[in-house]
Amino acid sequence: MTNRPSLPPEIARRRTFAIISHPDAGKTTLTEKFLLYGGAIQMAGQVRAKGEARRTRSDFMKMEQERGISVSASAMSFDFDGYRFNLVDTPGHSDFSEDTYRTLTAVDAAIMVIDGAKGVESQTRKLFEVCRLRDLPILTFCNKMDRESRDTFEIIDEIQESLAIDVAPASWPIGVGREFIGCYDMLHDRLELMDRADRNKVAESVKMEGLDDPKLADHVPADLLAKLRDEVEMARELLPAFNRKSFLEGHMTPIWFGSAINSFGVRELMKGISEYGPAPQPQNAADREIAPEEKPVTGFVFKVQANMDPKHRDRVAFVRLASGHFERGMKMVHVRTKKPMAVTNPVMFLAADRELAEEAWAGDIIGIPNHGQLRIGDALTEGEALRFTGIPSFAPELLQTVRATDPMKAKHLEKALMQFAEEGAAKVFKPMIGSGFIVGVVGALQFEVLASRIEIEYGIPVRFEGSQFTSARWVAGPRDKVEAFVNANKGHIAQDHDGDMVYLTRLQWDIDRVARDHPELRLTATKEMMV
């Protein structure tokens, strides 16, 4: 960390992070409050809004609004306290985990939201593991403290044990459930009080001279105050103090307690990101590491979202800038096709509104509208042939065949499926024998989302039916051996949308048999999305 040159001030003030959590831990609500404090929206909506109350800003797909879940990762930029936050919201639902894995390749830190009553849940654990692989620094927010929740020490213990990471309390809750009145800020010795009356109002904060300050008694009932003093004393004895170096290396997570729906604890968390969070970090490419302060502009596509605006069949490629100072109208080289590309209308997302980005710096996330040229994993540079590494594509766990209910629309269906394949929403395989397509996804809910999107966006009603195959593996090895294998197993072979060979299997036994009979071939469950 120390021997790197200091970053240009514009890059140093960027904070690019994702929010990860189990479904229903309150992630979308937290995102809304971030936007509220960043001045990006005037009034936070609720995921399940009553009647005409405002809907959430970050869920724009029809299905997300109907079900109250986030299924596509959206990126939003806003300013707070002199810093530029680039927040990437990720789907918490496990059926969309691949989208989330890829999103985590584009951020420098993550906020893990956990529910005060439920603690660490299965999806949180999975996402945490991905952060661990990338050594991402993690800030933890324990939400829903205004409901009945577990003992504070118990929550911290569970995080330490199940995730094997040190936890340093940044704040300590006062009371719990109905009695929850606020938190004591352990990093700055302040009392933060919650205002329950108006959920869009920012709570007040009172400066204290430590826990012995007599002013505490004016704000906190005596029984809660005695408990707070005991607990904080214990916490300071038993738990590690916050150490920024250890946090940036991914070994320690500071934890804040609060209630996102009551706007409580959110501001402290945001201040924590700006004070302690990492500035844009170097990105890995195949041949070298790309430092954010380098002059030439480079970036990579980590997500493609088709039909964000149903009126125009547009596709927006989300690009994380890895280095340099980008200006609108710049000529970039699209490394995979080696073609120059003038980026004339890059957009930044401010909640549900998008506006043209006149400039952007390393660490920012910009959207580039295009008609299918850009794919996940593509690199954009000022001429250097870079290949960014570490953007995974996973073998699907569920396979189904898809047919248009109207046979005349088969050709249109192919086009729609290819769009979704390039967006990364599903894997589409074209079997060598027989007509039709096999669609592979990670979770069953994705089939519903695909069917509803194909119908809404393309006007083609489709039917998903069971397939005889249960899993897919990419085939790699010497070319002649692959060809011989393909010719001998035509009934099991398909091509993915990049034209790569895929072996479709019914049983684990099929995979073992190939490993035994064809030792020179490799069947892989992941494929790096590289050029």
Side-chain angles (χ1 to χ4, degrees), residues 11 14 16 18 73 75 86 88 98-99 101-108 130 133-134 136 280-306 314-349 357 359-394 419 421-425 474 496-500 526-531:
I11 296 181
R14 299 290 191 265
T16 306
N86 294 310
V88 187
E98 185 173 349
D99 198 14
Y101 289 141
R102 281 201 293 266
T103 302
L104 291 174
T105 58
V107 296
D108 301 310
V130 180
L133 290 173
R134 303 182 47 77
L136 279 183
Q281 295 297 300
Q283 299 291 328
N284 292 325
D287 307 319
R288 63 187 192 89
E289 204 174 52
I290 293 146
E293 65 274 8
E294 290 178 22
K295 286 279 189 289
V297 177
T298 59
F300 61 92
V301 179
F302 66 95
K303 178 180 169 61
V304 175
Q305 183 74 49
D314 71 336
R315 296 165 65 173
V316 175
F318 287 82
V319 175
R320 153 77 196 236
L321 293 178
S323 66
H325 175 207
F326 168 86
E327 289 173 289
R328 184 159 89 94
M330 270 180 99
K331 285 258 191 309
M332 304 286 285
V333 174
H334 179 209
V335 176
R336 179 166 52 88
T337 58
K338 302 186 179 54
K339 286 184 179 155
M341 187 173 175
V343 185
T344 47
N345 50 356
V347 288
M348 281 227 170
F349 299 89
E359 59 166 8
W361 295 79
D364 279 339
I365 288 171
I366 57 173
I368 301 181
N370 66 92
H371 289 289
Q373 301 93 313
L374 293 175
R375 290 192 194 167
I376 292 171
D378 279 0
L380 292 172
T381 68
E382 287 197 58
E384 188 183 350
L386 283 179
R387 298 201 330 249
F388 286 91
T389 56
I391 300 175
S393 174
F394 298 99
Q419 282 243 351
E422 283 169 19
E423 185 185 314
W474 282 281
D496 69 5
H497 74 282
D498 293 324
D500 291 335
T526 56
K527 160 173 122 166
E528 283 232 342
M529 312 269 265
M530 276 169 56
V531 190

Does a side-chain heavy-atom distance below 4.5 Å link [X] with [Y]?
| X | Y | result |
| --- | --- | --- |
| Asn370 | Val304 | no |
| Asn345 | Pro369 | yes |
| Arg336 | Arg375 | yes |
| Val335 | Thr381 | yes |
| Gln281 | Pro292 | no |
| Ile365 | Val319 | no |
| Thr337 | Gln373 | no |
| Asp378 | His334 | yes |

Say you draw a straight line from [atom1] of [X] to [atom2] of [Y]; how long is it, rounded to the nearest 0.5 Å?
| X | Y | atom1 | atom2 | result |
| --- | --- | --- | --- | --- |
| Leu321 | Gln283 | CG | CD | 10.0 Å |
| Arg387 | Phe300 | CZ | CZ | 15.0 Å |
| Glu359 | Met348 | CD | CE | 8.5 Å |

Quiz item: Would Val88 and Lys303 count as a side chain to side chain contact (heavy atoms under 4.5 Å, CB included) if you check the C-alpha gap in whole Å, the side-chain angles of each, and the deciding distance to 0.1 Å?
Solution: CA-CA 11 Å; Val88 187; Lys303 178 180 169 61; over 6 Å; no
Quiz item: Got a sec, which residues hit ring-ring contact (aromatic ring centres under 6.0 Å, His included) with His325, two or more places apart in sequence or on another chain?
Solution: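 Residues passing ring-ring contact (aromatic ring centres under 6.0 Å, His included) with His325: Trp361.
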Minimum heavy-atom separation for [X] and [Y], please, with both atom names.
| X | Y | result |
| --- | --- | --- |
| Pro280 | Asp108 | CA-OD2, 3.3 Å |
| Phe326 | Val343 | CZ-CG1, 3.7 Å |
| Ala317 | Leu374 | CB-CD1, 3.6 Å |
| Val316 | Gly367 | CG1-CA, 3.6 Å |
| Ala322 | Ala362 | O-CB, 3.8 Å |

Donor-acceptor contact present, side-chain [X] to main-chain [Y], <3.5 Å:
| X | Y | value |
| --- | --- | --- |
| Glu382 | Val297 | yes |
| Arg320 | Thr105 | no |
| Asn86 | Gly363 | yes |

Quiz prompt | Residue pair Leu380, Val333: steps toward the side chain to side chain contact (heavy atoms under 4.5 Å, CB included) verdict | solution = CA-CA 6 Å; Leu380 292 172; Val333 174; over 6 Å; no
Practice problem: List in chain and number order the residues that pass side chain to side chain contact (heavy atoms under 4.5 Å, CB included) with Ser323, two or more places apart in sequence or in another chain; answer none if no residue qualifies. | Solution: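 If we apply the side chain to side chain contact (heavy atoms under 4.5 Å, CB included) test to Ser323, skipping adjacent residues, the hits are Ile290, Glu294, Thr298.
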Quiz item: Under the salt bridge (Lys or Arg N to Asp or Glu O under 4.0 Å) test, which residues partner Arg14, sequence neighbours left out?
Solution: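 Here the qualifying residues are Glu10, Asp364.
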Quiz prompt | Residue pair Asn284, Glu289: steps toward the side chain to side chain contact (heavy atoms under 4.5 Å, CB included) verdict | solution = CA-CA 5 Å; Asn284 292 325; Glu289 204 174 52; 3.7 Å; yes
Quiz item: Should Met330 and Met341 be marked as a side chain to side chain contact (heavy atoms under 4.5 Å, CB included) after you check the CA-CA gap, both sets of side-chain angles, and the distance that decides it?
Solution: CA-CA 8 Å; Met330 270 180 99; Met341 187 173 175; over 6 Å; no
